[in-house]
Undergrad: 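I am attaching a structure below and will ask some questions about it afterwards.
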Amino acid sequence: MTTNPSTKIRKATAEDVEQLAKLIDIAGEGIPTWLWAKTTNGTQTPLDVGKERARRTAGGFSYTNALVIENNERPGGMVLSYAIDEAPDDNPDDLPGPIAPFVELEKRSIGTWYINALAVFAEHRGLGLGTQLMKRVERLALDSGYEKMSIQVYAQNHGAVKLYKRLGYTPCASSPVRQHPCQPYYTGDVLLLIKELDASHRSRRLPFPQPI
C-alpha cells in the first residue's frame, strides 16, 4: 500500500483529547455523547466529559491507547486499540443497553489486540486514512506480541463491515442490539470480527520512539 506523503501517523497526546472525544463519538455514532450527557455536573457539556475521559491514563478510552493520523498537518482520524488479556468484570445486564452487547463480545475477544474505535472526520474521508490506521495498528499488535485482531461493528453498518472484511476480518460471533438511542437506530446484531496476523510481518523495531 502506498503511503500518502501528506499523512503522518503518530501517538496521541493529552493535547489531542478534544479531537479524540469528537472522533470516538463519530465511531460510536452518537452513543458516547448520549452516555456523557448523563454524567455532566451542570456546568459541563457532554464533550467536556468526553475530554476528561480521553485525558485519563487508564481505562480503554485514554489518549495513551490512541493513534492519530494527520492529513496536511491536521488531525484527520484516529484508531483506539489495546490488548484484551482477560474478560471484563462487568455484567452486560447491569450496563446501559447501548454498550451491553459490546461488553458481552469483549468476553469472547480474550487474547486479541482489540480495536475499540476507528473514525475519520468527514472532510478527510475518501483518502484511505482509515485503512492506513488499520494497517499501522496491526503492526503495533504484532510488535506487542499479539497475532489476532478483533473489532466490533453493527451488522447494519454495511460500509464498515465491507471495509473490515476487505482487510481480512471474519465475523465469528454476534450479540443482539439491546438499545440504540441515536440515529440511524440500528437493530439486529453487533458483530465480532477476528483477523489472524502473519507473525513474519513483525517489525524489527517498534513503530514509534519510546518515551525517555
Side-chain angles (χ1 to χ4, degrees), residues 11-12 20-21 23-36 38-39 49-50 52-67 78-119 133-134 136-157 160-161 163-165 167-182 186-199 202:
K11 289 183 177 180
L20 295 177
L23 285 162
I24 202 167
D25 192 54
I26 292 171
E29 302 189 70
I31 289 175
T33 286
W34 180 81
L35 290 168
W36 298 335
K38 296 179 179 298
T39 59
V49 176
E52 282 185 0
R53 296 192 177 182
R55 193 173 284 111
R56 298 176 302 180
T57 56
F61 182 37
S62 163
Y63 75 89
T64 61
N65 292 328
L67 302 179
M78 70 95 180
V79 62
L80 182 74
S81 69
Y82 44 84
I84 296 183
D85 292 322
E86 57 186 22
D89 293 333
D90 304 285
N91 181 346
D93 292 334
D94 296 333
L95 298 172
I99 63 173
F102 293 93
V103 173
E104 183 177 330
L105 290 172
E106 277 191 43
K107 295 177 183 293
R108 305 187 64 172
S109 305
I110 299 170
T112 71
W113 193 269
Y114 174 58
I115 298 174
N116 178 294
L118 172 74
L133 285 166
M134 292 287 283
R136 180 61 64 89
V137 83
E138 289 176 10
R139 282 173 46 197
L140 178 60
L142 283 169
D143 289 334
S144 300
Y146 292 82
E147 297 181 8
K148 284 186 179 181
M149 305 291 300
S150 62
I151 194 167
Q152 299 179 30
V153 64
Y154 289 105
Q156 291 174 315
N157 187 343
V161 173
L163 169 65
Y164 302 147
K165 286 183 176 179
L167 293 174
Y169 290 77
T170 302
C172 66
S174 63
S175 181
V177 174
R178 302 192 187 188
Q179 180 186 8
H180 196 285
C182 311
Y186 289 117
T187 58
D189 291 329
V190 175
L191 302 178
L192 171 66
L193 299 92
I194 300 288
K195 179 177 180 177
E196 300 271 356
L197 301 178
D198 184 350
R202 182 174 288 122

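Hydrogens, waters and symmetry mates are skipped; everything else that's a heavy atom, side chains included, is used.
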Undergrad: Are more than 12 heavy atoms from other residues, nucleotides or ligands located less than 6.0 Å from atom CZ of Arg178?
TA: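 More than 12 heavy atoms, drawn from other residues, nucleotides or ligands, come within 6.0 Å of this atom.
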Undergrad: Please name all residues satisfying side-chain hydrogen bond (donor to acceptor under 3.5 Å, both in side chains) with Asp89, sequence neighbours left out, ordered by chain then number.
TA: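 None.
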Undergrad: Can you give me the closest heavy-atom contact between Leu133 and Val79, atom names plus distance?
TA: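 Scanning both residues completely, I find the closest heavy atoms to be CD2-CG1, 3.9 Å.
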Undergrad: Suppose we screen for side chain to side chain contact (heavy atoms under 4.5 Å, CB included). Which residues come up paired with Asp94, at least two apart in sequence or across chains?
TA: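 Asp94: side chain to side chain contact (heavy atoms under 4.5 Å, CB included) contacts with Asn91.
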Undergrad: Sort and list the pairs that fulfil salt bridge (charged side-chain N to carboxylate O under 4.0 Å, His left out) and have at least one residue in residues 52-65, not counting sequence neighbours.
TA: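 Non-adjacent pairs meeting salt bridge (charged side-chain N to carboxylate O under 4.0 Å, His left out): zero.
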Undergrad: Rounded to the nearest 0.5 Å, what separates atom CG in Leu140 from atom NZ in Lys11?
TA: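 So the CG of Leu140 and the NZ of Lys11 are separated by 8.0 Å.
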Undergrad: Salt bridge check: are Glu86 and Lys107 linked by an N-O gap of less than 4.0 Å?
TA: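 Salt bridge between Glu86 and Lys107, a charged N being under 4.0 Å from a carboxylate O: no.
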Undergrad: Can you list everything that forms a side chain to side chain contact (heavy atoms under 4.5 Å, CB included) with Val177? Sequence neighbours excluded, please.
TA: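 So Val177 forms a side chain to side chain contact (heavy atoms under 4.5 Å, CB included) with Tyr154, His180, Val190.
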Undergrad: Report yes if the side chains of Pro101 and Gln152 come closer than 4.5 Å at any heavy-atom pair, otherwise no.
TA: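 Not touching, per the 4.5 Å side-chain cut-off.
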Undergrad: For Tyr63, give me all partners under ring-ring contact (aromatic ring centres under 6.0 Å, His included), at least two apart in sequence or on another chain.
TA: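 Partners of Tyr63 under the ring-ring contact (aromatic ring centres under 6.0 Å, His included) test: none.
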Undergrad: In Å, rounded to the nearest 0.5 Å, how long is the span from CH2 of Trp113 to OG of Ser150?
TA: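 Those atoms lie 11.0 Å apart.
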Undergrad: If the condition is salt bridge (Lys or Arg N to Asp or Glu O under 4.0 Å), which residues does Asp85 pass it with, not counting sequence neighbours?
TA: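 Result, salt bridge (Lys or Arg N to Asp or Glu O under 4.0 Å) vs Asp85: none returned.
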Undergrad: Between Leu193 and Cys172, is there a side-chain heavy-atom distance shorter than 4.5 Å?
TA: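 Counting from C-beta outward, Cys172 and Leu193 never come under 4.5 Å.
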Undergrad: Quick one: CG on Asn116 to CG on Asn65, what's the gap to the nearest 0.5 Å?
TA: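 The distance works out to 8.5 Å.
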Undergrad: Got a sec, which residues hit side chain to side chain contact (heavy atoms under 4.5 Å, CB included) with Leu167, two or more places apart in sequence or on another chain?
TA: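 With neighbours one apart ignored, the set is Thr131, Met134, Lys135, Leu163, Tyr169.
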Undergrad: Looking at CD1 of Ile84 and CD of Glu106, how far apart are the two atoms once the value is rounded to the nearest 0.5 Å?
TA: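 Ile84 atom CD1 to Glu106 atom CD measures 4.0 Å (nearest 0.5 Å).
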Undergrad: Taking side chain to side chain contact (heavy atoms under 4.5 Å, CB included) as the definition, give me every residue that meets it alongside Ser174, ordered by chain and number, with sequence neighbours left out.
TA: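 Testing Ser174 for side chain to side chain contact (heavy atoms under 4.5 Å, CB included), a comparison that skips the adjacent residues, returns Asp189, Leu191.
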Undergrad: How long is the gap from CD1 on Ile115 to OG on Ser81, to the nearest 0.5 Å?
TA: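 If I round to the nearest 0.5 Å, the distance is 6.5 Å.
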Undergrad: Ser109: which residues meet the side-chain hydrogen bond (donor to acceptor under 3.5 Å, both in side chains) condition with it, sequence neighbours left out?
TA: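 Ser109 satisfies side-chain hydrogen bond (donor to acceptor under 3.5 Å, both in side chains) with no other residue.
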Undergrad: Indicate yes or no: at least one non-hydrogen side-chain atom of Pro98 is less than 4.5 angstrom from one of Pro181.
TA: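 Counting from C-beta outward, Pro98 and Pro181 do come under 4.5 Å.
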Undergrad: Using the six-membered ring wherever Trp is involved, compare the ring planes of Tyr114 and Tyr82 and label them parallel, tilted or perpendicular (cut-offs 30° and 60°).
TA: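 The arrangement is perpendicular - the two ring planes meet at more than 60°.
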Undergrad: Compile the donor-acceptor pairs under 3.5 Å between side chains in residues 24-34 and protein atoms, sequence neighbours left out, one pair per line.
TA:
| unit_1 | atom_1 | unit_2 | atom_2 | d |
| --- | --- | --- | --- | --- |
| Asp25 | OD1 | Thr33 | N | 2.9 |
| Asp25 | OD1 | Thr33 | OG1 | 3.0 |
| Asp25 | OD2 | Thr33 | OG1 | 3.2 |
| Glu29 | OE1 | Tyr186 | OH | 2.9 |
| Glu29 | OE2 | Tyr186 | OH | 3.3 |

Undergrad: Who pairs with Gln179 by side-chain hydrogen bond (donor to acceptor under 3.5 Å, both in side chains), at least two apart in sequence or on another chain?
TA: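 Partners of Gln179 by the side-chain hydrogen bond (donor to acceptor under 3.5 Å, both in side chains) criterion come out as none, since no residue qualifies.
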Undergrad: With rounding to the nearest 0.5 Å, note down the distance linking CG in Leu142 to NZ in Lys148.
TA: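 Result: 13.5 Å between the selected atoms.
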Undergrad: How would you list, by chain and number, every residue that makes a side-chain hydrogen bond (donor to acceptor under 3.5 Å, both in side chains) with Thr170, sequence neighbours excluded?
TA: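 Result, side-chain hydrogen bond (donor to acceptor under 3.5 Å, both in side chains) vs Thr170: none returned.
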Undergrad: With a 4.5 Å cut-off on side-chain heavy atoms, are Glu196 and Met149 touching?
TA: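 Met149 does not reach Glu196 side chain to side chain.
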Undergrad: Is Ser62 reaching over with its side chain to a backbone N or O of Thr64, donor-acceptor style, under 3.5 angstrom?
TA: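 Indeed, once roles are kept as given, a pair shorter than 3.5 Å links the two residues.
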Undergrad: Would you say the side chain of Val153 lies within less than 4.5 Å of the side chain of Tyr164, judging by non-hydrogen atoms?
TA: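 Sidechains of Val153 and Tyr164: in contact.
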